Number of protein chains: 2
Amino acid sequence: MANDLNTQLLKGTLQGCLLILLSRQKLYGYAISEALSTFGFADIPKGTIYPLLLTMEKKQLLKSERQPSPDGPTRKYYVITAAGKQARDEFIAQWSTLTNNVATLMQKEALDEN
Amino acid sequence: MANDLNTQLLKGTLQGCLLILLSRQKLYGYAISEALSTFGFADIPKGTIYPLLLTMEKKQLLKSERQPSPDGPTRKYYVITAAGKQARDEFIAQWSTLTNNVATLMQKEALDEN
DNA sequence: CAGACTAGTTTGCTTTACAAGTTAGCTGAG
DNA sequence: CTCAGCTAACTTGTAAAGCAAACTAGTCTG
């Protein structure tokens with residue numbers, strides 16, 4: 001329980017994370033959802049990840065290639081595009097700004113104990 | 001331009017920031033929007049902040065007191081409640097988890113240079 | 001009085017996460 | 001052969017949150 005990631009906090013972040021993940025290697029949706037959990041994003045539902053990948057493809061941040069799988073239906077691999085790399089770098093810059101702002105806010109504010 | 005904070009990245013974060021801000025002192029909406037800009041959250045629109053405060057009051061994370069202002073209409077000061085402090089602590093925990101996850105992801109992934 | 005500033009509210013739009021359900025291929029147990 | 005269980009992807013509909021824009025109103029200065 002405790003630290004389940006609030007659905008709202010994820011917004012916007014997830015797309016950035018996918019761009020970073022796909023920077024190194026092409027992956028298909030099912031593998032992405034497994035990879036994310038190794039980074040602490042436990043159980044991001046497939047109802048979240050697949051539609052997001054489709055949207056990103058429409059925005060031309062990703063392109064896709066179908067390849068047969070040894071264990072089941074055809075896989076759809078996603079590859080990052082030049083526009084995707086640019087979006088990734090913008091995400092990193094914005095993320096850095098945001099975390100700095102929040103860190104400052106948390107430092108400056110003496111929190112009441114209870 | 002460059003680092004204007006993406007609207008999506010803010011989601012969920014803003015409520016946590018307000019809880020932290022209001023942990024130390026009661027503030028009214030107009031002052032909050034000015035205080036936020038000193039923490040790097042430049043120009044969060046009033047169309048964002050006022051509705052959020054009302055929602056948080058409905059959720060009983062905040063309560064409000066009206067006090068006359070020397071410079072204009074009556075101010076509505078917001079005070080954090082016990083439930084608000086609990087929500088604040090949960091936000092801090094979740095925020096910490098999220099930033100750790102993203103940091104790990106960014107480290108592990110060697111980013112292509114362009 | 002007019003304009004600028006302070007202060008708060010409301011309406012409607014857009015994006016995004018997600019639950020839930022659907023389709024479909026493969027493998028191994030019985 | 002059949003069925004369960006896993007792999008793999010897509011679709012529909014809903015809710016939350018940020019925000020633009022418009023509106024109401026009080027105060028202060030020129």
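All chains are named by letter (A, B, ...) in the order of the sequence lines, taking the proteins before the strands, and each is independently numbered beginning at 1. Values in this document were obtained by computation on a predicted structure and should not be read as measured data.
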Heavy-atom donor-acceptor pair, A:Thr99 side chain to A:Trp95 backbone, under 3.5 Å: yes
Phosphate OP1/OP2 of D:dC10 contacted by A:Tyr50 side-chain N/O (<4.0 Å): no
Distance check needed: C:dA17 C1' versus A:Met56 CE, whole Å only. 14 Å
Categorize B:Leu53 for me: base, sugar-phosphate, or nothing, with a 4.0 angstrom heavy-atom threshold over every strand shown. nothing
In whole Å, I'd like the distance from the CD atom of B:Glu57 to the P atom of C:dT9. 8 Å
To check you understand the geometry: which heavy-atom pair defines the closest contact between B:Leu105 and A:Cys17, and what is its length? CD2-CB, 3.4 Å
Judged by each residue's nearest nucleotide on DNA chain D, which is more toward the 5′ side, A:Ala31 or B:Thr7? A:Ala31
A:Tyr30 OH to D:dC10 P, straight-line distance once rounded to whole Å: 15 Å
Nearest-angstrom distance from the residue atom CG of B:Leu52 to C1' of D:dA16: 11 Å
Under 6.0 Å from the CD atom of A:Gln60, do we count more than 12 heavy atoms belonging to anything else shown? no
Contact letters for nucleotides 20-30 of chain D, in which S counts primed atoms plus P, OP1 and OP2 and B counts the base, heavy atoms under 4.0 Å: BB---BBSS--
Side-chain donor or acceptor of B:Thr81 paired with backbone N/O of B:Leu61 under 3.5 Å: yes
Under the salt bridge (charged side-chain N to carboxylate O under 4.0 Å, His left out) test, which residues partner B:Lys11, sequence neighbours left out? none
List the atom of A:Ile80, the atom of A:Leu19, and the distance in Å for their closest heavy-atom pair. CD1-O, 3.6 Å
Look at atom CD of B:Gln67 and say whether more than 12 heavy atoms of other residues, nucleotides or ligands are closer to it than 6.0 Å. yes
Measure from the side chain of A:Lys76, starting at C-beta and using heavy atoms only, and say which of C:dT16, D:dG18, D:dA9 lies closest. D:dA9
A:Lys59 near the nucleic acid: base, sugar-phosphate alone, or nothing, with a heavy-atom cut-off under 4.0 Å? sugar-phosphate
Using atom OH of A:Tyr28 as one end and atom P of D:dC10 as the other, report the distance to the nearest whole Å. 14 Å
Quick one: bend of the helix from C:dC1-D:dG30 to C:dG30-D:dC1 from 5 pairs per end, to 10°? 0°
Classify B:Ile44 by what it touches in the nucleic acid, base, sugar-phosphate, or nothing, heavy-atom distance under 4.0 Å. sugar-phosphate
Rounded to whole Å, how long is the line connecting atom CG of B:Leu27 with atom C1' of C:dG8? 16 Å
OP1 or OP2 of C:dT14 under 4.0 Å from side-chain N/O of B:Lys11: no
Heavy-atom donor-acceptor pair, B:Thr97 side chain to B:Ala93 backbone, under 3.5 Å: yes
In this structure, how many angstroms lie between the P atom of C:dG25 and the CZ atom of A:Arg75, rounded? 16 Å
Spacing between A:Gln67 atom CD and C:dG25 atom C1', to the nearest angstrom: 17 Å
What one should report as the nearest heavy-atom pair of B:Phe91 and A:Leu9 is CE1-CD2, 4.1 Å
Do any N or O atoms from the side chain of A:Ser96 and from the backbone of A:Ile92 form a donor-acceptor pair under 3.5 angstrom? no
